[in-house]
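Ligands are counted one by one from 1 in listed order, and the atoms in each one are counted from 1 as well.
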Amino acid sequence: MDMGRFGTGLRRGSWEQGELFELLSLMTMGACLWIIGARLGVFDSISRFALAHDLMNLVMLSGCMGLGVFAAAIRKSFLLRRAMHARIAAEAQAESIARHDALTGLANRRLFHETLAESLRSRQAGEQFAVLLIDLDRFKPVNDVHGHAAGNAVLCAVADRLRSLTPPKSMVARLGGDEFAALVPYESDRDALIRLAQQIIAAVRNPIPWNEGQLEVGATIGIALAGAENVEPEALLHAADVAMYQGKREGRGAFRFFQAEMDVALKARARLEADLRLAITRGEIAPYFQPIVSLPAQDLIGFEVLARWNHPTEGLIAPDNFIPIAEETGMIADLFYGLLRQACSDARNWPPHLQLAVNISPQQLQDQWLPERILGILAETGFTPSRLEVEITETALINDLEAARSTLTSLQNSGVKIALDDFGTGYSSLYHLRELRFNKLKIDRSYVTSLKQGSERAKLVDAIIQLGASLSLQTTAEGIETATSLDWLSDQGCNFGQGYFFGAPMPKDAADRYLDSAEAARLAERQAKAAHAA
Ligand code: C2E
Ligand code: MG
Ligand code: MG
C-alpha cells in the first residue's frame, strides 16, 4: 500500500539498545561504589574484620549471592522487555487490522478518514489535494452471477490497478462494498486529475481474468478538491459522493467534478422522495380522468386515469416529475394500487359502458402478484374487470418478455384488456406485437399533435393504423388537439381518439360534470335524429 505523504506508520522502540545501556549503567554504578569503597578503605576494613573473626567464607558467600541476585535481575529485565515487545507488536497488528481492509490490504474507511482529517488540519498554506471517490459499475451482477469469490477477485484486481495508477504521495482506500477512494496531491493541475480519472476508468474497465473466462466491471468517479478554504473531511467526502452520484445518473463510466449546484439538486430530490413517500400514504396522489372517444362517432367510451400529486405547498405536480422517482425507489406499486382503488371507486356510479384505462410501469410487470392485486381491488370496489384496460409501454417488454407475457395473459384471462401505450417511441418491434396478444395500440401523441396531411409523420400514422387493422388490433390516437387531425384520423380508420380537443385530464368533480354534459349532448342528438326521422 502506498502511504507516502498521507501515510501513517508505527514508531518501534529499539529496546536492545536500551537493555545494553541499562546494563552498562548498572556496571558503572557498581564501579563507582567500588572506587568510593576503595578510597574510603571500606574494603580493607571489611577484609581485616573478616580475617580477624574468621568470616572470610561468609564474605565470599554474600558476594556470590549478590552476583546471583544481579544475574537474576538482568534476566528478569530481559524477560520483561521481551513481553513488552510482544505486546507492542500485537497492538501494532491490531491497529493495522482495524485500519486496513482485510481483502485488498488497502486502507479502510477509518484510516482514510483519519488521514484526510490530519491532512486537512496540517496542510501548509497553498497546499491542495483531491478526493476521488471511485464506485464500481456492474459489480452486483458479477457477484450474483459468478459468486462471491469472483467478486473478491474483482475487488483485489481493482485495488492493485488503483495502487499502481495513483501518484507516489497518494493514499488509496476501500471504503466498503465496491466503493474505493483516493487522496491525491493536487498542484492546481486540473488536467492531471482528469488524466488520472480517465486512466482509472480505462484500467478498471479492462477485463479481469477469472477461471476460464473474464469478468468485466466499470467505474464512475466523483472528484472533490480541498482548495484554499477550510473544509471538513465529511464535507469533502460528501462532495465527492455527490459528484459520483451525478456521474452515475448521467450514464456511468464517467468522472464528474463536484459543483455546488449538484448538492442543491440532490437535496431537492431527496426532499421530493421523502415527500412522495408521505404523499402516497396520505393519499395525496389523485386520479385525473381524460376522456377517450370512439371515432368517427365521437361517443365517450371511457377515461384514461392519469396520476396527479396534490402537493400541500407546491400545488399540482405532473406525473413526469414524480413517476420516475416512484419507479426508481420502488414506491410505484403502492402508488399504483392507491390510485387504482381511488379511480375505481370514483367511477363506480358512472354509466357501466364506460371504461377506465390505467398506466403501469415496466417493473410492475415483473411482479407475479400484480394480476391478483389488481383483481382484488376491482372486487373490493365493485368494478368489473372487463371495464378495465391496462396500458403498458414497450420498455416493459424489453426487460423480461416472459414475465410480461405471463402477467398480461393472466390479466386478459380475467377479462382485463391490454393496450400498448406510446407506440412508436420505444423499441417496439413486430416481434412483440406478434408474441403478445394486445387489444389496442395507442399511437404516441408526438405523431399526432400538429399532424400535417401528406407529411412523413402522417404517412407513419397511417401505416400504424393499417398495421393495427391487419393484426386485428384497435388503435387510439393520443394528443388530438384540432378538428383537422380528428377528421384525418377518422378517415384513416383510427378507432379511438384522446386529446385536448375532447378534454384535458380532469379531477373527479369535473369528470362528473363532463359526463352530465356528454349525456345531455347525446340525448339532444338522439332527439334531433328522431325528429329528423319523423
Ligand atoms: P401517457 O399514458 O401517454 O398519457 C398521456 C399524456 O398525454 C398525459 O400526460 C396527457 O395529459 C397528455 N395529453 C393528453 N392529451 C394531450 C394533447 O392533446 N396534447 C398534449 N400535448 N398532451 C396531451 P400526463 O398526464 O402528464 O402523463 C404523462 C405520462 O405519465 C403518461 O403518459 C404516463 O406514461 C405517465 N403516467 C401518468 N400517470 C401514471 C400512473 O398512474 N402510472 C404510471 N406508471 N405512469 C403514469
Ligand atoms: Mg397512457
Ligand atoms: Mg401515451
Quiz item: Which option, Gln363, Arg445, Gln364, owns the non-hydrogen atom nearest atom 32 (O) of ligand 1?
Solution: Arg445
Self-check item: Heavy atom of the protein closest to atom 24 (P) of ligand 1 (residue, atom name, distance)
Solution: Pro319 CG, 3.6 Å
Quiz item: Charged N to carboxylate O below 4.0 Å: is that the case for Lys508 and Asp512?
Solution: yes
Practice problem: Please check if atom CZ in Arg269 has more than 12 non-hydrogen atoms from other residues, nucleotides or ligands closer than 6.0 Å. | Solution: yes
Quiz prompt | Validation row: Val158, Thr104 side chains within 4.5 angstrom (heavy atoms) | solution = no
Quiz item: What is the ring orientation for Phe255 with Phe257, classed by angle as parallel under 30°, tilted 30 to 60°, or perpendicular over 60°?
Solution: perpendicular
Quiz prompt | Donor-acceptor contact present, side-chain Arg405 to main-chain Glu435, <3.5 Å | solution = yes
Quiz item: If you measure every N/O of Thr449 against every N/O of ligand 1, is any gap under 3.5 Å?
Solution: no
Quiz item: Distance-only, no hydrogens or angles: does the Asn439 side chain make a donor-acceptor pair with backbone N or O of Ile418 under 3.5 Å?
Solution: yes
Quiz item: So, Lys442 side chain and Phe423 main chain: donor-acceptor pair closer than 3.5 Å or not?
Solution: no
Quiz prompt | Min side-chain heavy-atom separation Asp178-Lys140 under 4.5 Å | solution = no
Exercise. Identify the protein heavy atom lying closest to atom 40 (C) of ligand 1, giving its residue, its atom name and the separation to 0.1 Å.
Key: Ile323 CD1, 3.8 Å
Practice problem: Would you kindly specify which portion of Ile480 sits under 4.0 Å from ligand 1, judged on non-hydrogen atoms: side chain, backbone, both or neither? | Solution: backbone
Quiz item: Taking the six-membered ring for Trp, are Trp350 and Phe303 parallel (under 30°), tilted (30 to 60°) or perpendicular (over 60°)?
Solution: tilted
Practice problem: Could you find the nearest protein heavy atom to atom 29 (C) of ligand 1 and give me its residue, atom name and distance? | Solution: Asp320 OD1, 3.7 Å
Quiz item: Heavy-atom contacts under 4.0 Å between Ser361 and ligand 1: side chain, backbone, both, or neither?
Solution: both
Quiz item: Applying a strict 4.0 Å limit to heavy atoms, is Lys442 in contact with ligand 1?
Solution: no
Quiz prompt | Per-atom contacts of ligand 1 with Leu339, taking only distances under 4.0 Å to non-hydrogen atoms | solution = 41 (O)
Self-check item: Electrostatic pair Arg109:Glu179 at N-O distance under 4.0 angstrom
Solution: yes
Quiz item: Hey, looking at atom 43 (C) of ligand 1, which of Asn359, Thr393, Ile285 has the closest heavy atom?
Solution: Asn359
Quiz item: Hey, is ligand 1 close enough to Ala307 that some N/O pair sits below 3.5 Å?
Solution: yes
Practice problem: Assess Ala318 for proximity to ligand 1: is some non-hydrogen atom of it under 4.0 Å away? | Solution: no
Quiz item: Within the side chain of Ser361, is there an N or O that forms a donor-acceptor pair under 3.5 Å with the backbone of Gln364?
Solution: no
Quiz item: How far is atom 11 (O) of ligand 1 from its nearest protein heavy atom, and which residue and atom is that?
Solution: Pro505 CG, 3.3 Å
Practice problem: List the closest protein heavy-atom neighbour of atom 15 (N) of ligand 1: residue, atom name, distance to the nearest 0.1 Å. | Solution: Gln290 NE2, 2.9 Å
Exercise. For the residue pair His113 and Glu234, establish whether any side-chain heavy-atom pair is separated by less than 4.5 Å.
Key: yes
Exercise. Could you tell me whether the side chain of Pro319 reaches within less than 4.5 Å of the side chain of Arg308, counting heavy atoms only?
Key: yes
Practice problem: Give me the one residue out of Leu356, Asp346, Val358 that meets side chain to side chain contact (heavy atoms under 4.5 Å, CB included) with Pro287. | Solution: Asp346
Quiz item: Does any N or O in the side chain of Glu478 come within less than 3.5 Å of the main-chain N or O of Arg445, such that one atom is a donor and the other an acceptor?
Solution: yes
Quiz item: Would you say ligand 1 has an N or O under 3.5 Å from any N or O of Gln498?
Solution: no
Quiz prompt | Contact atoms of ligand 1, heavy-atom distance to Asp421 under 4.0 Å | solution = 1 (P), 2 (O), 3 (O)
Quiz prompt | Sub-4.0 Å atoms of ligand 1 with respect to non-hydrogen atoms of Glu478 | solution = 3 (O)
Quiz prompt | Shortest protein heavy-atom distance from atom 20 (C) of ligand 1, along with the residue and atom involved | solution = Glu481 OE2, 3.4 Å
Quiz item: What protein heavy atom sits nearest atom 4 (O) of ligand 1, and how far away is it?
Solution: Leu306 CD2, 3.5 Å
Quiz prompt | Count, waters excluded, of protein N, O or S atoms under 2.8 Å from the Mg ion (ligand 2) | solution = 4
Quiz item: Considering only heavy atoms of Glu304, which atoms of ligand 1 have at least one such atom less than 4.0 Å away?
Solution: 1 (P), 2 (O), 4 (O)
Quiz item: Taking N or O atoms only and a 3.5 Å limit, does Asp422 qualify as a polar contact for ligand 1?
Solution: yes
Quiz prompt | Protein contact to atom 18 (O) of ligand 1 [nearest heavy atom, distance to 0.1 Å] | solution = Tyr500 N, 2.8 Å
Quiz prompt | Main-chain N/O of Gly177 paired to Arg174 side chain as donor or acceptor, under 3.5 Å | solution = yes
Side chains of residues 198-220: which donor-acceptor partners sit under 3.5 Å, not counting sequence neighbours?
from	atom 1	to	atom 2	distance (Å)
Thr220	OG1	Asp137	OD1	2.9
Thr220	OG1	Asp137	OD2	3.0
Thr220	OG1	Gly253	N	3.1

